[in-house]
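Before any comments, here is the structure.
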Amino acid sequence: MGFNLQNLEAALKAGRKYTHIPFSLHFFESVSSTNQTLWNLLNQGAISGTVVIATEQSAGRGQWGRQWISPVGGLYLSVAISFDQKIEATDSYQLTFATAWGIASQLRQRGIDVGIKWPNDLVLNGRKLGGILTETKVNKGQITQAVIGIGINWTNSVPETGINLESWQASQDFRPISCLEMLTSTVLLGIESGMECLCQEGVNILLSRYLDLLTNMGDRVYVNNLSGIVVGVTSQGNLRVDLEIDDTKELITPEIYIEPGTISLGYHKSSI
């Protein structure tokens with residue numbers, strides 16, 4: 001079954017609250033990676049709002065250079081975004097947080113209880129539903145252009161720590177996402193609402209909304225053989241962890257901040 005761009009355009013038109021991003025849709029059967037394909041299009045003159053969607057990726061990329069396995073049946077897309085206001089190169093995490101919150105909140109509005117695993121994963125029932133990869137072009141310390149890549153498990157096979165949306169829907173008594181085009185529309189509307197929140201309401205509002213959906217709150221983590229509890233995320237995007245240090249006189253809990261990519265939080269099956 002092919003991907004129907006007309007269905008996607010109709011779903012987008014019906015669901016849009018904003019016109020913050022002028023979406024221009026490009027569909028490919030197979031690409032090396034949607035992010036790389038989109039960068040190539042931008043180098044040829046494509047503008048902000050250009051979207052690349054693919055049935056499969058042969059060389060998908062995850063965070064920190066990891067391979068992203070991208071079989072047929074998943075949703076793989078990338079969106080190009082340019083900025084009028086200044087965003088520091090060190091603040092690229094804000095784009096990832098905005099995307100994660102926006103997509104999760106759109107899915108939640110449809111009754112799918114998606115949460116966020118710090119920093120860039122979407123989770124459902126404690127398992128990985130999707131991930132986000134933000135890449136930026138920087139000039140004089142400022143982000144001039146960003147490509148945000150999304151992978152969501154739809155009907156594709158997944159590892160034990162993963163979940164696909166169709167198998168989850170099959171276990172429910174309702175089916176809020178009827179087709180891949182509707183999922184794509186929901187994701188694009190989520191990205192748009194996340195960017196709207198960041199640009200119009202600011203990073204502090206975005207961060208509070210992101211924290212509301214963070215599944216790691218209260219998780220126990222181990223840092224340099226010390227035990228700690230996740231208590232939040234800093235305004236720089238780092239994980240806030242209260243260390244549990246058993247002093248002979250008293251229990252003291254210094255707070256430390258952990259940068260993305262330095263520890264792996266893993267997955268745990270939720271009790272619900």
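Computed over heavy atoms, backbone and side chain alike; hydrogens, waters and symmetry mates excluded.
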Going by heavy atoms in the side chains, are Ser235 and Val203 under 4.5 Å from each other? no
Say whether Leu243 and Met217 are linked into one hydrophobic cluster, either directly or through other cluster members, by side-chain heavy-atom distances under 4.5 angstrom. yes
Within the distance-only criterion (no hydrogens, no angle test), does the side chain of Ser227 pair as donor or acceptor with the backbone N or O of Tyr222 below 3.5 angstrom? no
Distance-only, no hydrogens or angles: does the Asn216 side chain make a donor-acceptor pair with backbone N or O of Asp219 under 3.5 Å? no
Parallel, tilted or perpendicular, judged at 30° and 60°: which one describes the rings of Phe174 and Trp168? perpendicular
Closest heavy-atom pair and its distance - Leu129, Leu165: CD1-N, 3.9 Å
Quick one: does Thr136's side chain have a donor or acceptor within less than 3.5 Å of a partner on Val138's backbone? no
Of all heavy-atom pairs linking Thr34 and Ser78, the shortest is OG1-OG, 2.6 Å
Whether the side chain of Thr184 engages the backbone of Leu180 through a donor-acceptor N/O pair (distance < 3.5 Å, no angle test) should be reported. yes
Between Met195 and Ile148, which heavy-atom pair has the shortest distance, and what is it? CE-CD1, 3.2 Å
Do Asn238 side-chain atoms and Tyr257 backbone N/O form a donor-acceptor pair below 3.5 Å? no
Show, in sequence, the C-alpha distance, side-chain angles and deciding distance for Gln44 and Asn40, and conclude whether the side chain to side chain donor-acceptor pair (under 3.5 Å) test is met. CA-CA 6 Å; Gln44 294 161 23; Asn40 294 344; over 6 Å; no
Under 4.5 Å between side-chain heavy atoms, counting indirect links through other Ile/Leu/Val/Met/Phe/Trp/Tyr residues: same cluster for Val231 and Leu239 or not? no
Would you check if Phe97 and Leu95 make a side-chain contact, meaning some heavy-atom pair closer than 4.5 Å? no
Should we say atom CG of Asn43 is surrounded by more than 12 heavy atoms from elsewhere, each under 6.0 Å from it? yes
Knowing that exactly one of Thr55, Ile150, Ile53 qualifies, which makes a side-chain contact (heavy atoms from CB on, under 4.5 Å) with Leu75? Ile53
Determine whether a donor-acceptor pair (N or O, by modelled atom type, separation under 3.5 Å) exists between the side chain of Tyr210 and the backbone of Gln94. no
Donor-acceptor under 3.5 Å (Glu166 side chain, Thr155 main chain): no
Would you say Asn153's side chain and Ile163's backbone share a donor-acceptor pair under 3.5 angstrom? yes
Any sub-3.5 Å donor-acceptor pair from Gln169's side-chain atoms to Ile177's backbone N or O? yes
side-chain contact (heavy atoms from CB on, under 4.5 Å) partner of Ile116, the single match among Leu213, Asp121, Val123: Leu213
Set out, in order, the CA-CA distance, both residues' side-chain angles and the distance that settles side chain to side chain donor-acceptor pair (under 3.5 Å) for Ser92 and Thr134, then state yes or no. CA-CA 7 Å; Ser92 64; Thr134 301; over 6 Å; no
Side chain Trp101, main chain Leu207, donor-acceptor under 3.5 Å: no
